[in-house]
> 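Just dropping this structure here.
When a ligand or atom number is given, it counts from 1 through the structure's own listing order.
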Amino acid sequence: MSIRSNAILEVDALERRFDVSAPWLNRMIERKPIQTLRAVDGIDFVIQRGQTLALVGESGCGKSTVAKLVTGLHAPSGGKIRFHGDRDRLQMIFQDPFASLNPRWRVGRIIAEPLRTLKPDTPDDIVSARVDELLETVGLAAADRVKFPHEFSGGQRQRISIARALAGEPEFLVCDEPTSALDVSVQAQVLNLMKKLQKEMELTYLFISHDLSVVRHMADVIAVMYLGRIVEIQPTADLFANPLHPYTQLLLETIPDLEAPKRDRSPMGGEVPSPVSPPKGCTFHPRCPIAFDRCKVERPERKVEVHNRRVACFAAETKLEGPSDV
Ligand SMILES: Nc1ncnc2c1ncn2[C@@H]1O[C@H](COP(=O)(O)OP(=O)(O)O)[C@@H](O)[C@H]1O
Ligand code: SF4
Ligand SMILES: [Mg+2]
C-alpha cells in the first residue's frame, strides 16, 4: 500500500515569501534594495488520517506561517497544499487563548458560534445542549457557559478554545503552540485532553511547538524546521533514538532529560541567521559543529526518503541507509 493512500494533507515544495522592503519612496531616496523574507522555503510533508505530525523549531523558523498556509490565512508563494478532508471541518487552536476568545462574549456564545456557522438551521435548544456537552467534554462545567473569558485561568481558557474548535465538528486541527503559554503541570493536562479527544474523535493534528519534549508525547512523526525548511523528518521514536541532523542533535541536548538530569548540557551556540539573507550552502553551517567545505557552497537536498525518514545534511545522508524500527 502506498504511504500516501491514507493521507489527509499533502504539502509539496511549499513556499511563502514576504516583501519586507522599505517603502518605495525611501528605497528611491536611500537607494535601498527590495528585500524578500523567505518564511517558508520549500517544504514537503504528508499527514496520515488520525495521526499527529509535529513541526518543531526555534522561534522565527516559519512554523506559524505553515499553520496559516494550511488553514488558508496566507496564500502560498509557491508549491502545493492538497487537503483531502472537508475544508469546513478544519479548525485551528492558537497559542494565546485570551487573544483568540472575544472578551465581550459569554463562553456559551463563543462555543456556539462555529456550530451556528456550520449548521445555521440548528434549533436553539439543540445548540444549547451541545454547548453544555462540549464544556463537559473538555473538563469544564455546563454552568461555565454564562461566564466571560477573563473569569478563567490560562489552562481553562485553552479548554474553551478546544471546545470551540470541537463545536465545528473538525476532522483536522492545526494547533499552533497550544500549551506554550501554560505552566508545565497545566500543559500536561491540556496535552492529555488533546490526546484523549484525538482517540475518541479520530482527529488529525498538525501540532506546532518549539519544544521537543512537548511533541514527544503527542506526535507520530516529527519534522524539525530550521530557517523555513524541514531539515529532518522521522517517526517520533526514531527521531529520539537516532537523531540524524546536527541541528536535531543540538535541540535534543538542550531539553531537560528526566533520566539523566545532571548530564552536561551546552546551550546551543550562535544566533539564528535572518531569513532575509540566509547563509549560502547549508543554511545551518555557521552553527554546525561538523560543517565542512562543501556545506558552505552547496545546499543539501531533502528529497531522499528512506522508510518514511528524510534528512537534509551531507554528513547524515548515509545514515539513512540503515533500517527503521517502524
Ligand atoms: N506577515 C509577515 N510579514 C513579514 N514577515 C513575516 C510575516 N509573518 C512572519 N514573518 C516572518 O517570517 C519568519 C517566520 O515567522 P513565523 O512563521 O511566525 O515563525 P515561528 O512561528 O516559527 O516563530 C520570521 O522571520 C517572521 O518575522
Ligand atoms: S550539511 Fe554540513 S553544515 Fe549542514 S548540517 Fe550537515 S554537516 Fe552541518
Ligand atoms: Mg509561531
> Please tell me whether Tyr205 and Phe172 form a close aromatic pair, meaning their ring centres lie under 6.0 Å apart.
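Judged by ring-centre distance (under 6.0 Å), Tyr205 and Phe172 do not meet the cut-off.
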> Is Cys282 close enough that one of its N/O/S atoms sits under 2.8 Å from atom 8 (Fe) of ligand 2?
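No - counting backbone and side chain alike, Cys282 has no N, O or S atom under 2.8 Å.
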> Quick one: nearest non-hydrogen protein atom to atom 8 (Fe) of ligand 2, plus distance?
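Protein heavy atom at minimum distance: Cys288 SG, 2.3 Å.
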> Give me the nearest non-hydrogen protein atom to atom 11 (C) of ligand 1 as residue plus atom name, then the distance to 0.1 Å.
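So the nearest neighbour among protein heavy atoms is Leu37 CD2, 3.6 Å.
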> Just let me know how Val40 lines up against ligand 1, side chain, backbone, both or neither, with a heavy-atom cut-off below 4.0 Å.
neither
> Please report which non-hydrogen protein atom sits nearest to atom 13 (C) of ligand 1, along with the residue it belongs to and the distance in Å to one decimal place.
Gly60 O, 3.6 Å
> Is it true that, when you exclude Glu30 itself, more than 12 heavy atoms of the residues, nucleotides or ligands shown sit nearer than 6.0 Å to its CD?
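Buried by this count: over 12 neighbours within 6.0 Å.
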> Determine, for Asp176 against Lys63, whether the closest basic-nitrogen to carboxylate-oxygen distance falls under 4.0 angstrom.
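Here Asp176 does not pair with Lys63 in a salt bridge, since their nearest N and O are not under 4.0 Å apart.
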> Please list, in number order, the atoms of ligand 1 under 4.0 Å from a heavy atom of Pro275.
25 (O)
> Do Ile93 and Val174 make a side-chain contact, defined as non-hydrogen atoms from C-beta onward lying under 4.5 Å apart?
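Contact flag for Ile93/Val174 side chains = no.
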> Using a plain distance cutoff, I'd like to know if His74 has any nitrogen or oxygen under 3.5 Å from a nitrogen or oxygen of ligand 1.
no
> Classify the contact between Cys61 and ligand 1 as side chain, backbone, both or neither, using a heavy-atom distance cut-off of under 4.0 Å.
both
> Mark up the atoms of ligand 2 that fall under 4.0 Å of a heavy atom belonging to His245, in ascending order.
5 (S)
> For atom 17 (O) of ligand 1, what is the closest protein heavy atom, and at what distance to 0.1 Å?
Thr65 OG1, 2.6 Å
> Can a donor-acceptor pair be found between the side chains of Ser213 and Asp211 at a distance below 3.5 Å?
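Their side chains do contain a donor-acceptor pair, which is all the 3.5 Å distance test asks for.
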> Starting from atom 19 (O) of ligand 1, what is the nearest protein heavy atom, named by residue and atom, and what distance separates them?
Gly62 N, 3.2 Å
> Given the side-chain rings of Phe292 and His285, with only the six-membered ring counted for Trp, is the space between their centroids under 6.0 Å?
no
> For Glu58 and His210: C-alpha separation, side-chain torsions, deciding distance, then whether side-chain hydrogen bond (donor to acceptor under 3.5 Å, both in side chains) applies.
CA-CA 5 Å; Glu58 287 162 285; His210 63 277; over 6 Å; no
> Which protein heavy atom lies closest to atom 7 (C) of ligand 1, and at what distance to 0.1 Å?
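Looking only at protein heavy atoms, the one closest to atom 7 (C) of ligand 1 is Phe18 CE1, 3.4 Å.
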> Within a distance under 4.0 Å of any heavy atom of Ala39, pick out the atoms of ligand 1 and give their elements.
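Result: 12 (O), 13 (C).
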> Would you please classify the geometry between the His150 ring and the Phe148 ring as parallel, tilted or perpendicular, with 30° and 60° separating the classes?
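Parallel: the ring planes of Phe148 and His150 meet at under 30°.
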> Below 4.5 Å, heavy atoms only, C-beta onward: do Asp124 and Arg116 meet side chain to side chain?
yes
> Looking only at protein heavy atoms, which one is nearest to atom 2 (Fe) of ligand 2, and what is the separation?
Cys295 SG, 2.2 Å
> Can you tell me the protein heavy atom closest to atom 1 (S) of ligand 2 and the distance?
Phe314 N, 3.4 Å
> What residue and heavy atom of the protein are closest to atom 7 (S) of ligand 2, and at what distance?
Cys313 SG, 3.7 Å
> Does CG belonging to Asp293 count more than 12 external heavy atoms closer than 6.0 Å?
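Open.
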> Between Glu133 and Arg130 (salt bridge meaning N to carboxylate O under 4.0 Å), is one present in this structure?
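Result for this pair is yes, salt bridge flagged.
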> Atoms of ligand 1 less than 4.0 Å from Ser59 heavy atoms?
23 (O)
> Taking only heavy atoms of Ser64 into account, list the atoms of ligand 1 that are under 4.0 Å away from them.
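So the atoms of ligand 1 that pass are 17 (O), 18 (O), 20 (P), 21 (O).
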